[in-house]
Amino acid sequence: MVLSARPLVLQKSLKFQLKVFSKCSPRQIRMQTNLSCSKEGNKKESRGALVVLEGLDRSGKSSQCSRLVSYLEGQGLSAELWRFPDRTTNVGQMISAYLTNASQLDDHTIHLLFSANRWEKRKGLKYSKKSRDIKQEMAPEIGLLAPDLVAYLDISPDKAAERGGYGDERYEKLEFQKKVAEHYKVLHDGSWKVIDACQPIEDVEKQLQEIVLSCVTECQKGKALSSLWSS
Ligand SMILES: Cc1cn([C@H]2C[C@H](O)[C@@H](COP(=O)(O)O)O2)c(=O)[nH]c1=O
C-alpha cells in the first residue's frame with residue numbers, strides 16, 4: 001500500500017490479511033499515504049501487492065498464510081501478515097468480547113465493528129458474516145483499498161468441520177459455517193482465484209505461491225491501485 005516502492009500482499013479477509021512488500025524494508029504500514037505510485041523521472045515506482053485469503057473456518061488460511069510469508073521472504077520479498085479481526089485494538093477487543101460470548105451486539109453493530117477494525121488499518125477487505133443485505137454490507141467498506149488478489153480456499157462446511165478444531169466462539173459452528181459458505185457464493189466474482197483446500201497442504205501452498213508471485217510481479221510493473229466497490 002503504501003506501496004511506495006514495494007508490493008503488498010494481504011491475506012485472509014474474513015480473518016487474516018497478509019501484506020507482502022517487494023523489498024526487505026521496515027515493516028511499517030503506511031497505507032494511509034502514498035496510495036498512488038510515485039514517479040522518479042518517467043519511471044514508475046513499483047508498489048506492493050495486497051493479497052487476501054478467504055475461506056471458511058478451518059479451510060487452512062492461517063497455515064497457508066504463514067507458509068506464504070516464509071516463501072515470499074525466501075524470494076527476497078518483504079511480506080507482512082495482517083489478521084482480521086485484529087483483536088489488539090480497542091475495536092478489536094470489542095469484537096473479541098462478542099465472538100467469545102462475553103458481550104452481546106446486534107448483527108449490524110458487529111458488522112460495522114468488523115469494518116471499523118479494517119479502517120483502523122486503512123485496509124480493504126470483505127465484510128462481516130453477520131450482515132444480510134449485500135448493499136448494506138458493502139457500504140462501510142467503500143473506499144478501503146481493494147485487494148490485488150483474492151484467493152479463496154475452497155472447502156465444504158462439512159469437510160471443514162471434519163478437520164476439527166472448532167473452538168467455543170460464536171461462529172465456529174457447522175450450521176453457521178454453512179451460511180457463510182452460501183454467503184461466499186454471493187460474494188464470489190470471476191476475479192477470485194479458487195483453490196481446492198482439500199488438496200494436500202503442499203499442493204495448496206504451491207498453487208498459492210504461483211498466483212501470488214504473479215500478482216506481485218504485476219503490481220511491481222505498475223498495476224493501478226483501486227478502492228473497494230469503486231466500479
Ligand atoms: C474480519 C472478520 C471476521 N469475521 C469472523 C470470522 C471468524 O469466524 C471470526 C473470528 O476470526 P478469527 O478466528 O480469525 O479470529 O470472525 C467476520 O465474520 N467478519 C469479518 O469481517
Side-chain angles (χ1 to χ4, degrees), residues 6-24 27 48-86 123-127 129 146-167 169 171-221 223:
R6 9 187 201 172
L8 160 68
V9 179
L10 270 199
Q11 137 196 22
K12 263 203 166 186
S13 69
L14 282 180
K15 298 178 138 198
F16 306 84
Q17 301 175 329
L18 163 70
K19 305 181 304 172
V20 178
F21 300 96
S22 60
K23 295 177 190 166
C24 293
R27 294 183 168 210
L50 173 59
V51 172
V52 173
L53 263 67
E54 288 281 5
L56 298 180
D57 289 357
R58 310 301 298 160
S59 62
K61 296 185 294 294
S62 305
S63 307
Q64 291 298 340
C65 282
S66 302
R67 286 168 178 243
L68 187 55
V69 169
S70 301
Y71 169 75
L72 290 166
E73 288 180 339
Q75 298 293 307
L77 298 168
S78 174
E80 190 171 332
L81 172 61
W82 287 8
R83 177 177 178 143
F84 287 94
D86 175 352
K123 239 172 213 191
L125 286 191
K126 297 300 170 190
Y127 17 94
K129 296 169 180 177
D148 292 300
L149 168 68
V150 176
Y152 180 68
L153 300 187
D154 192 21
I155 189 171
S156 72
D158 291 308
K159 285 269 180 212
E162 281 171 18
R163 291 182 172 183
Y166 280 168
E169 292 203 338
Y171 298 167
E172 296 177 333
K173 310 271 185 306
L174 178 58
E175 285 315 306
F176 191 82
Q177 293 296 315
K178 285 182 177 172
K179 290 183 189 162
V180 176
E182 288 305 309
H183 212 65
Y184 268 127
K185 285 183 190 161
V186 177
L187 294 175
H188 176 273
D189 70 40
S191 70
W192 287 23
K193 302 287 184 193
V194 179
I195 296 173
D196 179 0
C198 295
Q199 299 174 97
I201 193 165
E202 294 78 14
D203 293 355
V204 175
E205 183 180 8
K206 187 92 181 52
Q207 285 169 35
L208 266 176
Q209 289 170 357
E210 283 169 15
I211 60 171
V212 168
L213 266 193
S214 153
C215 168
V216 169
T217 304
E218 216 183 315
C219 293
Q220 286 174 329
K221 286 181 181 164
K223 181 185 171 216

Quiz item: With under 30° as parallel and over 60° as perpendicular, where do the rings of Tyr152 and Trp192 fit, or are they tilted in between?
Solution: tilted
Practice problem: Check step by step if side-chain contact (heavy atoms from CB on, under 4.5 Å) holds for Glu182 and Val186. | Solution: CA-CA 7 Å; Glu182 288 305 309; Val186 177; over 6 Å; no
Quiz item: Looking only at heavy atoms, what is the nearest atom pair of Val204 and Ala197, with distance?
Solution: CG2-CA, 4.2 Å
Quiz prompt | Candidate pair Gln220 and Leu77, rule side-chain contact (heavy atoms from CB on, under 4.5 Å), full reasoning | solution = CA-CA 11 Å; Gln220 286 174 329; Leu77 298 168; 4.0 Å; yes
Practice problem: Taking all heavy atoms of Ala151 and all of Ile211, pick out the closest pair and write down the distance. | Solution: CB-CD1, 4.1 Å
Quiz item: Pairs in or reaching into residues 194-209: which pass side-chain hydrogen bond (donor to acceptor under 3.5 Å, both in side chains), with residues at least two apart or in two chains?
Solution: Arg67-Glu205, Gln199-Gln207, Lys206-Glu210
Practice problem: Can you measure from CG (Leu81) to OG (Ser66) and round to the nearest 0.5 angstrom? | Solution: 6.5 Å
Quiz prompt | Main-chain N/O of Tyr171 paired with Gln177 side-chain donor or acceptor, under 3.5 Å | solution = yes
Self-check item: Atom NZ of Lys179 with >12 non-hydrogen neighbours under 6.0 angstrom
Solution: no
Quiz item: Okay, side chain of Lys61, backbone of Leu56: is any donor-acceptor separation there less than 3.5 Å?
Solution: yes
Exercise. Keeping the roles fixed (side chain from Arg58, backbone from Gly164), state whether a donor-acceptor pair exists under 3.5 Å.
Key: yes
Quiz prompt | Residue pair Glu169, Asp57: steps toward the side-chain contact (heavy atoms from CB on, under 4.5 Å) verdict | solution = CA-CA 11 Å; Glu169 292 203 338; Asp57 289 357; over 6 Å; no
Quiz item: For the atom pair CG (Leu208) and SG (Cys215), what is the distance rounded to the nearest 0.5 Å?
Solution: 11.5 Å
Practice problem: Might you point out which heavy atoms bring Pro157 and Tyr166 nearest each other, and give the distance in Å? | Solution: O-OH, 4.2 Å
Quiz item: Less than 4.5 Å apart, any side-chain heavy atom of Asp148 and any of Glu218?
Solution: no
Quiz item: For Ser156 and Asp158, does a side-chain donor sit closer than 3.5 Å to a side-chain acceptor?
Solution: no
Self-check item: Value rounded to 0.5 Å, distance of CG in Leu153 from OG in Ser62
Solution: 10.0 Å
Exercise. For side-chain contact (heavy atoms from CB on, under 4.5 Å), just list the numbers for Lys193 and Val150, CA-CA rounded to whole Å, side-chain angles, deciding distance to a tenth of an Å, and then say yes or no.
Key: CA-CA 6 Å; Lys193 302 287 184 193; Val150 176; over 6 Å; no
Quiz item: Distance from Asp154 atom CG to Cys198 atom SG, nearest 0.5 Å?
Solution: 7.5 Å
Quiz item: What's the verdict on salt bridge (charged side-chain N to carboxylate O under 4.0 Å, His left out) for Lys178 and Glu175, showing C-alpha distance, side-chain angles and the deciding distance?
Solution: CA-CA 5 Å; Lys178 285 182 177 172; Glu175 285 315 306; 3.6 Å; yes
